Amino acid sequence: MSLFDDFLDPEETPGHKKTEPQSISGPILAVDIGTVNTRAVLLDVVEGMYRFVARGESPSTVDEPWNDALEGVFKVIEQIAAATGRQFIDGSGDLIIPEAEEYVGVDMFVATASAGPPIKTVLVGLMPDVSIRTGRRIADSTLISLVETISLADQRSTEEQIDALLKADADLVLVVGGTDGGAADSLRKHIDMVSLAYSLMGPQGRPPLVYAGNKELTKLVNRRSEDIGIRVITANNPHPTLDRDELGDIRFQLASLFHKQKAQGIPGFGEVGSWTEYGVFPNTLGFARLVHILGAINNHNVLGIDLGSRATTVAAHIGHQSYLDVMGDLGMGQSANHILSRVQAEHLERWLTFELAEPDDLSDYVWNKSVFPYRIPVDRNEVEFDFAIVREIIRRAVQESLQNWDDRRSTRALPLFGTILLSGATLAYTPHFGWTALAVLDAVRPVGISRLLLDPYGMASALGTIAPGAPTPVVQVLKTGAFLDLGLVVSLSGRARRGEVVLRGSIQPEGSKEAEPFEVKSGTIARIPIPYGVRSEVVLQALRMDIPGVRRRWRADIEGGELGLVIDARGRPLRFPRTEEQRLTAMKDWQAFILQEAQV
Amino acid sequence: MTAIYAHAQITALATIKRAHKLPRGSMPHVLVGQNVKANEVLAVAEVAHEHRILNIAKTLGVEPRRIISFLVKREGDAVSAGDLIAARRKFLRKIRVASPIDGSIIYIEEGQMLIEGKRTRLEVEATIPGKVVDIEPEKYIEIETSGALLQIAWGYGDFVWGTLKVMDDNPSLNTNADRFNIDHRGAIVAIGSPLTEEFLENAIETRVKGVIASSMRASLIPKLAEIDFPVGLTQGFGQLPMSDRIMNLLKTYNGREIALDIGDHDDWRNKRPEIIIPLVSSQEQIALEEHPGKPQLARGQKVRIMQTPYWGEIGTITEIIGEPRQLVSGLWSKGVDVETTDGATVFVPFANLEHLG
């Protein structure tokens, strides 16, 4: 019961035994069962430090004709076994844990997942802006699908609410609301209503009830549950007082349920979960924790975006506060078509550098993506289609998350992010990393100086899941290159006449005698080459525009990434050209700027 | 190493097992081993959609424990809307409580009464003729049959059982919408070309039971919300002709009774809509291997290509390409060489293939 104790904040789960990091010194295996792909990574000590040693990737096997998650897990483990010569599985098909002898078994194993049936949940709470909002956040983070919400703002009669609850045919009912010791009448009425609805269900069809509300009513909930025969799980109140959020315990309880529900619905899940004390956990929690760790290590704000096939996860670490939001209906695969109901087709089309042959071509492509989610683009137009969808999904996901970031709700202004972590097959598997960087610049529209990190092997959630039990290996793997550094992005804000020089700078790579000067014009994106891993002294002088977070002149010793140093001088807010002809030209230019290195 | 991302069945003969999910509280109406027809009811559930809570004590103005002496109806009694449930004479005034709905009294507690509205009957049909092979009460009933199975790209609607009427001889991109006659009424019509709005309107007017087409434009989706029959697409979205193999299979079974089953929209699996054509005579029943082994990509294997210009076409693997190749998009991928029906050989990444069983 300790894997998620320190999730987001070690103080947020009082009463729980805090995770004691295990004395892990051997290999660590992590598996993630995604909707489209199953991945595994092996971490081991090389030259005194934990490093990423090998990886495996194979199509997930939760669907027909396999209908067994274990098939895909065995495949990726076989790939790692072939690459390392290590034996992982014993004669009876179980993982060898702990390490039995050299090159036999592993010392630690974690499993995360996003695949499988959604857990259909009815959320019952009080105020839409408080308990319901919190309930949604909790549900999203554990990949729970809300099929019905009942709150004080609900205009329906009690009878109608009961009928709605019965009709929902839910796998779970989650009751939240109230502060500990606060007014209990409204929540008591809700509990009465829920109890009545349960009593109308057949004994076989009563879903488990999770109660995480005013703790004064816990006894009442337990008594009612006992009378009716409901399996009840009580968790700490996520709002013990009005000014405190304690989401850790309820998230842990739901994550445990996630494993049990999935194990019932997908053959093989139970077996994979039995290799670890904690079962299979939702990958969203691991991803959020990793973002939190990156923020803590670097002591700056971090934004993490995991663009999955079915869902998009946005995790943020802002001023020591962590946030996690999951858009369960926005993804690049099965749920790709949902973007068409969230944005107009023109919003997608505006990112293309060509005119559509037929008006429906892009919508047809989006629908085919949701039917055949594993497909990869075969020509340049399809790459543009993919990244048009990527931009709009990320834009919507970040905008919706921003509303949950405490001090940003009113201003709606994006904070400065020192690091932006990107995960997901479409972002990682691309003809050129410039596509990924440009999509993020267009969609997130960061301000100031941010390092773009890419998670090429889909390790982020695994690392976050490993962290509580084995923090040292995770920190060492982060230092030894778990992620691909795409480079430093400098995003200027303000306005200037198009073509006007808005930034002058110079770059002096380590060992070079002279600094090389460069200029960047308004409305352009410049990619200044810095060899990967080579330190360089960079001096930037902003003219007419600003570099948010730093003074107009900035001097630093930086390391180069895949794209070197990227300067986005299009200004913030990002404005679109007025005419179609200008738009086409701008799109072609922006693509060209980031796909080609500037001549310094 | 090969990788199968997707699998579908397009076969003239297969053992087909389909499990029907049962609603909570349902009662099976069949037994294991029983032969069933397509429209036969497998299980029935009676579901109440409406409940009413009446605060009798408050209305009558009495203590909750005293209402028993004022009740006209008791727990378990059936009531009609307007029926007197409770009454109390207070001075010269008579206070009456009437049932607001038709239904029955579920229980009376703490001065309140719960009335359950009339139950509606939910029936689970077999959808294909066959034999009941497994029953898990309140979970599923599994039916087994043998016949042709075509798992297609996409569908809208529910399920229909009816006579197949193939309207085209060959796949094409041109759709003639003016071919409907009285024979098509109540039939599942199939065309080898894209579905158009005009064709759909004529199909509605003719009162067909279902439509199978090669493809359609995504902009036609809102129109489908207005129809009451299922639509299946064999290839996907866009302007795509039907694959020769599917066209030929449909023509073979022209005039036969088929099931067009779009499937459960709530199912989280990436499950394909299906056309099932059961064998009708006992002579046609053939014992098939139930577990044909794990699917593999190998030379000679039939696959469906999911990339232009061969989108949806069924071809044969001629070579497994071990080393990644660069696509026009710039991506590198491992894949296979596939021979198409027009004799061309095309490299297809694993991710853009559907393994056919």
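We name chains A, B, ... by the order of the sequence lines, and we start the count at 1 in each one. Source: prediction; values computed, not measured.
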Below 4.5 Å from any heavy atom of chain A, which atoms of [X] appear? Answer side chain, backbone, both or neither.
{"X": "B:Gln151", "answer": "side chain"}
{"X": "B:Leu331", "answer": "both"}
{"X": "B:Glu354", "answer": "side chain"}
{"X": "B:Gln307", "answer": "both"}
{"X": "B:His51", "answer": "both"}
{"X": "B:Tyr107", "answer": "side chain"}
{"X": "B:Leu114", "answer": "side chain"}
{"X": "B:Ser215", "answer": "neither"}

Most chain A-contacting option - heavy-atom pairs closer than 4.5 Å, from [options]:
{"options": "B:Ala8, B:Gly238, B:Gly117", "result": "B:Gly238"}
{"options": "B:Gln326, B:Glu138, B:Arg52, B:Glu109", "result": "B:Arg52"}
{"options": "B:Gly236, B:Gly25, B:Ala153, B:Pro349", "result": "B:Ala153"}
{"options": "B:Val47, B:Val328, B:Thr308", "result": "B:Val328"}
{"options": "B:Pro137, B:Ala218, B:Gly330", "result": "B:Ala218"}
{"options": "B:Gln239, B:His355, B:His49", "result": "B:His49"}

Would [X] and [Y] count as having a side-chain donor-acceptor pair, cut-off 3.5 Å?
{"X": "A:Gln591", "Y": "A:Glu384", "answer": "yes"}
{"X": "A:Ser309", "Y": "A:Gln334", "answer": "yes"}
{"X": "A:Thr426", "Y": "A:Asp386", "answer": "no"}
{"X": "B:Tyr140", "Y": "B:Asp134", "answer": "yes"}

For residues 66-75 of chain A, pull every pair meeting salt bridge (charged side-chain N to carboxylate O under 4.0 Å, His left out), keeping only residues two or more places apart or in separate chains. A:Glu71-B:Lys294
With a 4.5 Å cut-off on heavy-atom pairs, point out which of A:Thr35, A:Leu196, A:Ile162, A:Thr430 contacts chain B the most. A:Leu196
Parallel under 30°, tilted from 30 to 60°, perpendicular over 60°: which one fits the rings of [X] and [Y]?
{"X": "B:Phe237", "Y": "A:Trp367", "answer": "tilted"}
{"X": "A:Phe258", "Y": "A:Phe269", "answer": "perpendicular"}
{"X": "B:Trp311", "Y": "A:Phe372", "answer": "perpendicular"}

Is it the case that over 12 heavy atoms from other parts of the model lie below 6.0 angstrom from the CD atom of B:Glu110?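 No, CD of B:Glu110 has 12 or fewer neighbouring heavy atoms, counting only those of other groups under 6.0 Å.
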Which atoms of A:Asn37 approach chain B - backbone, side chain, both or neither, heavy atom under 4.5 Å: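 A:Asn37 touches chain B through side-chain heavy atoms alone.
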With B:Asp337 via salt bridge (charged side-chain N to carboxylate O under 4.0 Å, His left out) - residues at least two apart: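 If we apply the salt bridge (charged side-chain N to carboxylate O under 4.0 Å, His left out) test to B:Asp337, skipping adjacent residues, the hits are B:Arg325.
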